[in-house]
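Counting starts at 1 for both ligands and their atoms, in listed order. This one's a predicted model, so the numbers in the text were calculated from it and none came from an experiment. Excluded from the calculations below are hydrogen atoms, water molecules and symmetry mates; all remaining heavy atoms, backbone and side chain alike, are included.
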Amino acid sequence: MADLPGIVIMGVSGRMGQMLTHTVLESGKARLVGCVERPGHPWVGQDVRAAMGGVPVGVTVTDEPIDAIAQAQAVIDFSTPAASVGIARLAAQARAVHVIGTTGFSPEDLEQIRLAARHAIVVRAGNMSLGVNLLVQLTRRVAAALDADFDIEVIEAHHRHKVDAPSGTALMLGQAAAEGRGVALDEVSERGRDGLTGARARGAIGFSAIRGGDIVGEHDVVFAGEGERIVLRHVATDRAVFARGALKAALWGQDKKPGEYDMLDVLGL
Ligand SMILES: NC(=O)C1=CN([C@@H]2O[C@H](COP(=O)(O)OP(=O)(O)OC[C@H]3O[C@@H](n4cnc5c(N)ncnc54)[C@H](O)[C@@H]3O)[C@@H](O)[C@H]2O)C=CC1
Ligand SMILES: O=C(O)C1=N[C@H](C(=O)O)C[C@H](O)C1
């Protein structure tokens, strides 16, 4: 047991943090060595599983990520962009694999993560599920096979608490569609249509977002032509799919060289 990789979970009280805690504790493949929450959170100072209403496991939630990460081989981080950028620096110093599931990064944030990955193994993906990463590859292939007579739209739906849009997954899918088509996403992306928008631009890749209730995560990539339509769809019904992918990434990263990787690397897709 002592030789299994030690994992720290960032944002442990969150929807993903709690799912990750169960996944790591029950995996038999890794040890839970630390749990981090933001300063002032009521879980800080409590045993993580007791805070979740279960039997204590001997891991106390801390708001001091440095101490936790110093004894870990990997940090699994589904928190906020600001927290993840800070942790990227600490994980790099500690030479711990940093698995980043957080979404909603600005270009400046991504540059900070890229700099940290010069010294550390970073695995970052807007979606860690096997199904979505397969969908990314399918999207790239379909977009490469069709020309701009087929309009591409990415539609996503998430729970009412989600704070960023388009979702990280929608951006991955849009990026794959753009790559398949041989264009730069920034130049063709159409977001937030409202009012007299004018007709759709040929070659645009559109994004729209639904927010409501407890939807875990649903993504459609629509290729709409004259007289026919192809719809590629992924529906997540359980956050365990993201947590399993994140743990897989943490284990996969143990023997890799510093650099920025994604789930396509981890899954070999
Ligand atoms: N890549 C993927 O497969 C997935 C990514 N996500 C992303 O993961 C992120 C988190 O999602 P949820 O768990 O639903 O959100 P959440 O809001 O339930 O959890 C975030 C947690 O991070 C904590 N946090 C904030 N600042 C912190 C700090 N400085 N130090 C430590 N903890 C801190 C919050 O207190 C909260 O408990 C979002 O960006 C979401 O889009 C979510 C699901 C799957
Ligand atoms: O916030 C979420 O919940 C999710 N976020 C990720 C995203 O932004 O795509 C992944 C998943 O869809 C759930």
Under 4.0 Å between a side-chain nitrogen and a carboxylate oxygen: does that hold for [X] and [Y]?
{"X": "Arg118", "Y": "Glu260", "result": "no"}
{"X": "Arg211", "Y": "Glu156", "result": "yes"}
{"X": "Arg202", "Y": "Asp151", "result": "no"}

Using a 4.0 Å heavy-atom cut-off, say whether [X] meets ligand 1 through its side chain, its backbone, both or neither.
{"X": "His161", "result": "neither"}
{"X": "Thr103", "result": "both"}
{"X": "Lys162", "result": "side chain"}

message: Using a 6.0 Å cut-off, check whether atom CD1 of Ile66 has over 12 heavy atoms from anything other than its own residue.
response: no
A student checking ligand 1 against Gly101 at a 4.0 Å heavy-atom cut-off should list atoms 1 (N), 2 (C), 4 (C), 5 (C), 6 (N), 7 (C), 8 (O)
* To do: Indicate yes or no for a side-chain donor-acceptor contact from Gln18 to the backbone of Ser13 under 3.5 Å, with no hydrogens or angles considered.
  =>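 Flag set: sc Gln18 to bb Ser13 pair under 3.5 Å.
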Nearest option to [atom], as decided by whichever heavy atom of [options] sits closest:
{"atom": "atom 32 (N) of ligand 1", "options": "Met128, Met172, Arg38, His41", "value": "Arg38"}
{"atom": "atom 12 (P) of ligand 1", "options": "His159, Met263, Arg15", "value": "Arg15"}
{"atom": "atom 29 (N) of ligand 1", "options": "Ala83, Ala125, Ala249", "value": "Ala83"}
{"atom": "atom 10 (C) of ligand 1", "options": "Gly11, Cys35, Ser79", "value": "Ser79"}

Next item on the list: Could you tell me whether some N/O pair between Pro39 and ligand 1 is separated by less than 3.5 angstrom?
Entry: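 Between Pro39 and ligand 1, no N or O pair is found under 3.5 Å apart.
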Hey, does Gly14 come in under 3.5 Å of ligand 1, counting only N/O atoms on both sides?
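The answer is yes, given that Gly14 and ligand 1 share an N or O pair closer than 3.5 Å.
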Check: Under a 4.5 Å cut-off applied to non-hydrogen side-chain atoms, are Gln112 and Arg89 in contact?
Finding: yes
Give a table of atom pairs where an N or O of ligand 2 lies under 3.5 Å from a protein N or O.
{"residue": "ligand 2", "atom": "1 (O)", "partner": "Lys162", "partner atom": "NZ", "Å": "2.9"}
{"residue": "ligand 2", "atom": "3 (O)", "partner": "His159", "partner atom": "NE2", "Å": "2.8"}
{"residue": "ligand 2", "atom": "5 (N)", "partner": "Lys162", "partner atom": "NZ", "Å": "3.2"}
{"residue": "ligand 2", "atom": "8 (O)", "partner": "Lys162", "partner atom": "NZ", "Å": "2.8"}
{"residue": "ligand 2", "atom": "8 (O)", "partner": "Gly168", "partner atom": "N", "Å": "2.8"}
{"residue": "ligand 2", "atom": "9 (O)", "partner": "Gly126", "partner atom": "O", "Å": "3.4"}
{"residue": "ligand 2", "atom": "9 (O)", "partner": "Gly168", "partner atom": "N", "Å": "3.3"}
{"residue": "ligand 2", "atom": "9 (O)", "partner": "Thr169", "partner atom": "N", "Å": "2.8"}
{"residue": "ligand 2", "atom": "9 (O)", "partner": "Thr169", "partner atom": "OG1", "Å": "2.4"}
{"residue": "ligand 2", "atom": "12 (O)", "partner": "His158", "partner atom": "NE2", "Å": "2.5"}

Applied to residues 46-69, the side-chain hydrogen bond (donor to acceptor under 3.5 Å, both in side chains) test, sequence neighbours excluded, yields none
What do you reckon, does Gly168 put a non-hydrogen atom under 4.0 Å from ligand 1?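 Contact absent.
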